[in-house]
Amino acid sequence: MTDFPKRIALLGSTGSIGQQTLDVVRAFPEHFQVVALAARQNVELLTSQAREFHVPVTACFAQPPEVAQAARAALPSVLLGEEGLLEVATLPEADILVAATSGLVGLNPTLAAIRAGKTIALANKETLVMGGHLVMDEARHAGVSILPIDSEHSALWQCLRGESSADVRRLIITASGGPFRHSTPEEMRTVTVEQALAHPTWQMGSKITIDSSTLMNKALEVIEARWLFDIPYEKIEIVVQPESVIHSMVEYRDGSIKMQASLPTMHLPILYALSYPARLDTGSTGLLRELHWPEVARLHFEALDVARFPCVRLALEAAKRGDTYPSVLVGVDEEAVALFLAGKIGLLDIAALIETVLEQHQPVANPDVPAILEACAWARQRTRELYEQSYGRKVE
Ligand SMILES: NC(=O)c1ccc[n+]([C@@H]2O[C@H](COP(=O)([O-])OP(=O)(O)OC[C@H]3O[C@@H](n4cnc5c(N)ncnc54)[C@H](OP(=O)(O)O)[C@@H]3O)[C@@H](O)[C@H]2O)c1
């Protein structure tokens, strides 16, 4: 028996995952109640969400700082800065934290929520990539569940349900292949920001969409899976499934393979994490389009061409080295993607910057949160310096 309504605190409510989480709440008002919302700077949307869902607690990180004034004017009791995010994450009235901010700001609030005994529905990848060892340790210690929102991890989780981990031969994570699945390196060298943002199957925030075009996103998902399911990298594989209908698979030692399928939508993995262990009937809600197999007609599977997508190799090497390398990976990727989105570098420069910054890093073993954040900040700074040296221009 699952206790409903579940009370939700939502970090990153104005983003792609945040807004889709609120779609799920709209579809199941008797099952879910939003008790706190947090965003960075989109005060207008945060305010309208707070009004629509009658949310008593709101937080605005206020970046840039001048946003704080507008936030206070619109929402007089709004909490500001990182303190605000921490309050939302640990609110006594909440049962579950949906961690859906982009970037590294999710790490501290997620750890605080775990210590406060909250169930975590985790979308934010950086949290596990940088701090998987801390997050999973703390969660085990606190007896708290980390429930994935990423569609691939939700698929793996659903395929693993009721099975013994000793029987797992390998996890197979599917990838759409992104917009440059068939592009040559020469073509990728000159792609525009608009082309890289035009993902063939998924509508997402801009950072993850660029990561999907370089396939960095897929490598980050392998790292997430390693931590979520406590499985070695050697047992995790990637296969390209361009229609994004099979969201991932688990192969068992007897050779049987379980897959999870749906049309591409984030509403389903969000709903599954929120309703777990129950399954709610989406039939009359209008939330999901039904999958009619004859319409899908054909499913394709291809091997991933790692040579054309060097971010995959670089990210997995950093993950296997461990220490602060994954934090550096997150920092340099974040900064390099921002440079690409600002039209300052080409798509292939992202991997080149990642390779150089990782090579120059002096690692710290078994890092705590300050060491993780310091390594990440160093990587961002080093990326900007390398850009300025190569292009002779300052990063504004
Ligand atoms: N989108 C997807 O389909 C998808 C799928 C799987 C996993 N994920 C992961 O989920 C996370 C969110 O992705 P997204 O696509 O939803 O990103 P997004 O559309 O860019 O939204 C990011 C959200 O985080 C908020 N935010 C950013 N920095 C913040 C800060 N310092 N303090 C408070 N809030 C902050 C933003 O607020 P403002 O709007 O006010 O700036 C916004 O609400 C990422 O880690 C991504 O990798 C996304």
Side-chain angles (χ1 to χ4, degrees), residues 9-24 36-50 58-65 67-68 70-71 74-75 78-89 97-110 120-131 147-156 173 175-176 197 199 201-212 216-221 223-225 228 244 247-248 264-270 272-273 315 330 333-334 337-338 341 373:
L10 172 54
L11 294 180
S13 65
T14 53
S16 164
I17 294 290
Q19 293 185 54
Q20 293 179 84
T21 301
L22 294 176
D23 291 341
V24 170
L37 294 171
R40 172 177 45 189
Q41 45 84 25
N42 190 344
V43 173
E44 202 179 321
L45 185 53
L46 180 66
T47 308
S48 85
Q49 293 173 338
T58 54
C60 179
F61 188 80
Q63 191 186 50
V67 170
L75 298 159
V78 71
L79 305 160
L80 295 172
E82 192 180 15
E83 279 306 304
L85 302 190
L86 291 170
E87 274 203 50
V88 164
L97 175 73
V98 176
T101 52
S102 49
L104 39 133
V105 72
L107 179 61
N108 263 327
T110 302
I120 310 291
L122 188 65
N124 177 261
K125 290 174 201 286
E126 293 80 356
T127 293
L128 279 185
V129 173
M130 298 190 303
L147 311 180
I149 278 186
D150 228 342
S151 56
E152 293 77 3
H153 304 85
S154 180
L156 294 171
I173 296 184
S176 72
L197 284 175
H199 195 279
T201 49
W202 295 100
Q203 289 284 325
M204 307 176 283
S206 54
K207 160 71 167 55
I208 181 174
T209 306
I210 301 304
D211 279 347
S212 300
M216 168 60 87
N217 184 51
K218 215 35 66 179
L220 297 181
E221 287 175 4
I223 305 172
E224 276 184 282
L228 280 168
S244 299
H247 299 302
S248 280
T265 170
M266 288 309 296
H267 286 131
L268 184 54
I270 293 168
Y272 188 68
V330 166
D333 181 52
E334 187 140 316
V337 169
L341 283 169
L373 297 180

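One-based numbering, in listed order, for ligands and for the atoms of each.
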Short N or O separations between ligand 1 and the protein, below 3.5 Å:
unit_1: ligand 1; atom_1: 1 (N); unit_2: S16; atom_2: OG; d: 3.2
unit_1: ligand 1; atom_1: 10 (O); unit_2: A123; atom_2: O; d: 3.4
unit_1: ligand 1; atom_1: 15 (O); unit_2: G205; atom_2: N; d: 3.0
unit_1: ligand 1; atom_1: 16 (O); unit_2: S16; atom_2: N; d: 3.1
unit_1: ligand 1; atom_1: 16 (O); unit_2: I17; atom_2: N; d: 2.9
unit_1: ligand 1; atom_1: 19 (O); unit_2: S16; atom_2: N; d: 2.9
unit_1: ligand 1; atom_1: 24 (O); unit_2: S102; atom_2: N; d: 3.3
unit_1: ligand 1; atom_1: 34 (N); unit_2: R40; atom_2: N; d: 3.3
unit_1: ligand 1; atom_1: 37 (O); unit_2: T14; atom_2: OG1; d: 3.2
unit_1: ligand 1; atom_1: 37 (O); unit_2: R40; atom_2: N; d: 3.2
unit_1: ligand 1; atom_1: 39 (O); unit_2: T14; atom_2: OG1; d: 2.6
unit_1: ligand 1; atom_1: 40 (O); unit_2: T14; atom_2: OG1; d: 3.3
unit_1: ligand 1; atom_1: 40 (O); unit_2: R40; atom_2: N; d: 3.0
unit_1: ligand 1; atom_1: 40 (O); unit_2: Q41; atom_2: N; d: 2.7
unit_1: ligand 1; atom_1: 40 (O); unit_2: N42; atom_2: N; d: 2.8
unit_1: ligand 1; atom_1: 41 (O); unit_2: R40; atom_2: NE; d: 3.0
unit_1: ligand 1; atom_1: 41 (O); unit_2: R40; atom_2: NH2; d: 3.1
unit_1: ligand 1; atom_1: 41 (O); unit_2: Q41; atom_2: NE2; d: 3.1
unit_1: ligand 1; atom_1: 43 (O); unit_2: G12; atom_2: O; d: 3.2
unit_1: ligand 1; atom_1: 43 (O); unit_2: T14; atom_2: N; d: 3.2
unit_1: ligand 1; atom_1: 43 (O); unit_2: T14; atom_2: OG1; d: 2.7
unit_1: ligand 1; atom_1: 43 (O); unit_2: G15; atom_2: N; d: 2.9
unit_1: ligand 1; atom_1: 45 (O); unit_2: N124; atom_2: ND2; d: 3.4
unit_1: ligand 1; atom_1: 45 (O); unit_2: K125; atom_2: N; d: 3.3
unit_1: ligand 1; atom_1: 45 (O); unit_2: E126; atom_2: OE1; d: 3.1

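- Side-chain contact check for N217 and E221: at least one donor-acceptor pair (N or O, by modelled atom type) lies under 3.5 Å.
- Put simply, the side chain of E334 never gets that close to the backbone of V330: no donor and acceptor are under 3.5 Å apart.
- Put simply, the side chain of T21 does not reach to within 4.5 Å of the side chain of V24, judged on heavy atoms.
- Using a 4.0 Å cut-off between a side-chain N of Lys or Arg and a carboxylate O of Asp or Glu, K125 and D211 do not qualify as a salt bridge.
- Not one N or O on the side chain of D150 forms a donor-acceptor pair closer than 3.5 Å with the backbone of H153.
- With rounding to the nearest 0.5 Å, the separation of NE2 in H199 from CD in Q203 is 10.0 Å.
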